[in-house]
Structures are given as structure tokens and as C-alpha cells.
Amino acid sequence: MNPNHLLTFAVVARFKSITLAAQHLHLGQPAVSGQLKLLQSEVGEALYERKGHQIELTPAGKGLLEYAQKMDADFNQAIDYVRCLQQINTGFLRLGSTTTIASFYLPQHVVQLQKLYPGVQVFMKTWDTAEIIRNLGDLDLGFIEGPVDEDELPGNYEVVPWQDDEIVLVLPEDHSVAQEYPESVPLEVFTQHPVIWREPGSGARHVVERALASAGIVAPVSIEVTGVSGIKESVRAGLGIGFASSQALRHEAKGLVARRINPPDGLFWHLNIVAPKQIIQSRVTKAFLELCLK
């Protein structure tokens with residue numbers, strides 16, 4: 001059974017006229033009549049009979065009309081949905097992000113997207129970089145810290161360079177290191193004080209570990225916490241010194257201070273976006289990328 005014939009049948013039943021249905025569908029009357037004949041042939045029973053200038057459905061036609069009307073309603077809803085997608089009035093955006101980016105970089109862009117396109121629903125998962133790469137099939141965009149080997153990505157994904165960020169030492173404002181080094185601290189402080197480390201999958205931890213290894217410095221791992229908040233609260237509690245994105249201390253009112261690590265250059269890392277190739281990006285994905293890359 002041809003679905004188009006069933007949709008045409010629903011329109012004819014609504015107008016009770018082949019002529020009016022043909023005008024509504026922008027088809028010739030013979031084309032509509034031909035579709036009805038083919039549909040009746042598939043069913044094997046008469047679906048309507050002519051009564052003057054109108055048609056009247058047979059019992060078989062009335063029974064089939066219930067399904068034709070459901071299909072017609074679903075079809076029109078699908079058309080409305082596609083129109084909304086084309087105008088970015090609806091749809092979904094699935095983001096995967098590392099903790100730092102989710103906490104300090106993405107919120108402003110998500111708010112901007114929802115102001116411009118209030119019908120779009122945004123869902124965000126917070127993972128480390130490795131987990132984001134493993135779950136790309138369930139995401140529209142991934143926001144990661146540090147480099148990624150493009151050979152590890154599915155063939156239809158690419159890495160889009162985004163922003164640079166600095167890793168800073170996080171200290172209680174009255175800590176001896178903060179007093180001794182008012183601006184920058186050498187890497188050696190990591191061997192002189194208890195260090196609060198991020199979890200092993202953290203991009204910030206990888207940056208610090210690489211810098212220490214390059215300098216031939218071995219710093220013991222005695223405390224590990226998860227997330228930027230864990231670092232800040234552990235430092236605030238006096239458990240040791242920590243490190244985090246410079247953005248984590250941007251709005252810190254009191255209690256904690258930041259110091260540049262490894263003067264004069266500091267410790268910088270790259271924030272990247274893992275995105276599907278442009279040809280397969282949804283309109284919502286393209287709109288959000290444009291906001292992020294402005």
C-alpha cells in the first residue's frame with residue numbers, strides 16, 4: 001500500500017470531494033482519482049461511493065479512514081517539526097565536557113544559545129577526555145583539555161582548536177608559599193609541600209606531570225580529589241597546595257590565592273572541541289559552534 005495514497009484518501013474524506021481535495025493538494029483531479037482507484041485495488045473493497053457532487057465512505061472506507069487520519073496527523077506534525085528544526089526553534093544539543101570547561105567556560109555559551117533559541121534543549125555530561133572520546137557517538141560536541149590524537153577519533157570527527165588556559169597554583173592566602181612568592185612559584189614547591197592532585201584522568205594533572213617530568217622533578221602523590229571544587233575545598237581546609245585552571249580563582253572572594261607556576265612562561269594548556277565534520281552537523285550544533293568560536 002502506497003502511503004501517499006492513504007494520505008490523499010484522508011484529504012478526500014475530509015472535503016468529501018475529489019475536486020476540492022485535488023485543489024487542496026495542488027494536483028489534477030485525474031491524479032487524485034487514480035490514487036483512490038489504486039488504493040481501492042490494494043484494499044480489495046470499495047472505499048466510497050458518489051452521491052451527487054460529493055462522496056460518501058463505505059463501512060470499509062470509514063474503518064480505513066481512522067488509520068489514514070492518524071497518518072495524516074503524524075505527517076503534518078513531522079512537517080511542523082522539520083520547519084522548527086530549520087529555524088532552530090527546537091531540537092537537542094548533547095554536550096560532553098571536562099569538569100573545568102563545564103564549570104567555567106560553557107555556561108555563558110549555553111545561556112546565550114537558549115536566549116537566541118529558547119526551544120532547544122541542552123544536555124551536558126561531565127567526563128574526562130578519554131571518556132568523552134569513547135562516548136562521541138552519543139554526543140553532538142565534545143569539549144576537552146589538552147591534545148588528542150586524531151587517529152583515535154572516528155573518521156567523521158575532527159578537533160577544532162578553541163582556547164588557551166593557564167594552570168596556576170592554588171594556595172591559602174596566608175600560606176608561606178604565597179608570602180614567599182607574591183607572583184610566580186618554581187616547580188620545586190611541588191616537592192616541598194603536600195600536593196593535592198586531581199584525579200588521574202584530569203587534563204590539568206597531565207599538564208603538571210609533564211612539566212615536572214621535563215624538569216626532572218619527582219613529586220609524591222599523597223592526596224587525590226575529583227574536580228576543581230575538590231581541589232579548592234581541600235586547599236581551603238589546609239590539606240596542602242593544589243593546582244587548577246586560572247578561571248577557577250577568577251571569582252574567588254577571599255581565602256585562596258593563585259600563583260603562576262614555572263616562571264616566566266607559566267603552564268598553559270589548550271582547550272579543544274571535538275566536532276563531527278561540518279557536512280553532518282545539525283543546525284543546532286552549527287549554531288552553538290558559532291557562538292563558542294566568536
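Only this structure's heavy atoms are used, side chains among them; waters, hydrogens and symmetry mates stay out.
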Residues forming a salt bridge (Lys or Arg N to Asp or Glu O under 4.0 Å) with E224, sequence neighbours excluded | R205
State whether the side chain of S103 and the backbone N or O of T99 hold a donor-acceptor pair below 3.5 Å, judged by distance alone.
-> yes
I would like to know whether K125 and E131 meet side chain to side chain contact (heavy atoms under 4.5 Å, CB included); could you show each step before the answer?
-> CA-CA 10 Å; K125 291 281 190 180; E131 288 175 306; over 6 Å; no
Any chance you could lay out the side chain to side chain contact (heavy atoms under 4.5 Å, CB included) test for L249 and V257, step after step, and finish with the verdict?
-> CA-CA 7 Å; L249 278 295; V257 295; over 6 Å; no
Nearest heavy-atom approach of A204 to I167 is CB-CD1, 3.8 Å
Counterpart residues, salt bridge (Lys or Arg N to Asp or Glu O under 4.0 Å), relative to D128 (two or more places apart) = none
Check: S17 side chain, Q54 main-chain N or O, donor-acceptor pair, under 3.5 Å = no
Exercise: identify the closest heavy-atom pair between Q281 and A275 = NE2-CB, 4.3 Å
Identify the two heavy atoms, one from V12 and one from A21, that lie closest to each other, and give their separation to 0.1 Å.
-> CG2-CB, 3.6 Å
Ion pair check, R14 and D72, cut-off under 4.0 Å = yes
Looking at T100, T98, D165, which hits side chain to side chain donor-acceptor pair (under 3.5 Å) with Y105?
-> D165
Determine, using the 4.5 Å side-chain heavy-atom cutoff (strictly less than), whether M1 and V32 are members of one ILVMFWY cluster.
-> yes
Is there a side-chain contact between I217 and T191 (heavy atoms, below 4.5 Å)?
-> yes
Please say whether more than 12 non-hydrogen atoms of neighbouring residues, nucleotides or ligands are located less than 6.0 Å from CZ in R50.
-> no
Closest non-hydrogen atoms of G266 and E166, given as atom of the first, atom of the second and distance, are CA-OE2, 3.9 Å
With the side chain counted from C-beta on, respond yes when D140 and V284 share a heavy-atom pair under 4.5 Å apart, and no when they do not.
-> no
Any chain of hydrophobic side-chain contacts (each under 4.5 Å) joining L106 to V160?
-> yes
Taking the side chain as every heavy atom from C-beta outward, state whether Q35 and F9 have any pair of such atoms under 4.5 Å apart.
-> no
May I ask you to test the V225-S234 pair for a side-chain heavy-atom distance under 4.5 Å?
-> yes
Do L93 and F123 have side chains that get closer than 4.5 Å, going by heavy atoms?
-> no
Quick check: does any side chain N or O of R259 sit under 3.5 Å from a backbone N or O of A178, one acting as donor and the other as acceptor?
-> yes
So with a 6.0 Å cut-off around NE2 of H206, is the heavy-atom count from everything else above 12?
-> yes
Other residues, nucleotides, ligands: >12 heavy atoms within 6.0 Å of E173 CD = yes
Just by modelled atom types, is the L136 backbone N or O under 3.5 Å from a matching donor or acceptor in the Y157 side chain?
-> yes
Ignoring hydrogens and geometry, is there a side-chain-to-backbone donor-acceptor pair from S97 to A102 under 3.5 Å?
-> yes
Distance from L36 atom CG to L38 atom CG, nearest 0.5 Å?
-> 9.0 Å
Passes side chain to side chain contact (heavy atoms under 4.5 Å, CB included), V122 versus L113? Steps please.
-> CA-CA 9 Å; V122 179; L113 178 78; 3.9 Å; yes
Closest non-hydrogen atoms of P161 and N272, given as atom of the first, atom of the second and distance, are CA-OD1, 3.4 Å
What do you reckon, is CD of E183 surrounded by more than 12 foreign heavy atoms closer than 6.0 Å?
-> no
For F288, what residues pass the ring-ring contact (aromatic ring centres under 6.0 Å, His included) criterion, not counting sequence neighbours?
-> none
When you measure from the side chain of R94 to the backbone N and O of D138, does any donor-acceptor pair fall under 3.5 Å?
-> yes
Which atom of V207 lies closest to which atom of F268, heavy atoms considered | CG1-O, 4.2 Å
Ignoring hydrogens and geometry, is there a side-chain-to-backbone donor-acceptor pair from K16 to E56 under 3.5 Å?
-> no
Stepwise side chain to side chain donor-acceptor pair (under 3.5 Å) test for Q29 and T19 | CA-CA 6 Å; Q29 187 171 329; T19 301; 3.0 Å; yes
Start with the C-alpha gap between L139 and W127, add the side-chain angles, then the distance that decides, and say whether side chain to side chain contact (heavy atoms under 4.5 Å, CB included) holds.
-> CA-CA 12 Å; L139 301 172; W127 288 314; 4.1 Å; yes
Close side-chain approach of L64 to L39, heavy-atom, < 4.5 Å | yes
Should L212 and L187 count as side-chain neighbours, where that means a heavy-atom distance under 4.5 Å?
-> yes
When rounded to the nearest 0.5 angstrom, what distance separates CD1 in I101 from CD1 in I132?
-> 7.0 Å
Nearest-0.5 Å distance, CG of residue L169 to OG of residue S184 = 10.5 Å
Do other residues, nucleotides or ligands put more than 12 heavy atoms under 6.0 Å from the CD atom of Q278?
-> no
Counting distance only, does the side-chain N/O of S41 pair as donor-acceptor with the main-chain N or O of K37 below 3.5 Å?
-> no
Group every Ile, Leu, Val, Met, Phe, Trp and Tyr by side-chain heavy-atom contacts under 4.5 Å, then state whether L171 and I196 land in the same group.
-> no
Please check if the side chain of S202 supplies one atom and the backbone of R198 the other of a donor-acceptor pair under 3.5 Å.
-> no
In terms of the angle between their ring planes, are W162 and H109 parallel, tilted or perpendicular, with boundaries placed at 30° and 60°?
-> tilted
Just how far is it from atom CZ of F190 to atom CD1 of I261, taken to the nearest 0.5 Å?
-> 4.0 Å
Can you tell me how far the CD1 atom of I273 sits from the CD atom of E158, to the nearest 0.5 Å?
-> 10.5 Å
Shared hydrophobic cluster, I231 / V195 (ILVMFWY, side-chain heavy atoms < 4.5 Å) = no
Do V170 and L239 belong together in a cluster built from hydrophobic side chains that touch within less than 4.5 Å?
-> yes
Enter the distance from L65:CG to T58:OG1 here, rounded to the nearest 0.5 Å.
-> 10.5 Å
Around atom CZ of F104, are there more than 12 heavy atoms of other residues, nucleotides or ligands at under 6.0 Å?
-> yes
Would you call I223 and W197 a side-chain contact if the rule is heavy atoms closer than 4.5 Å?
-> no
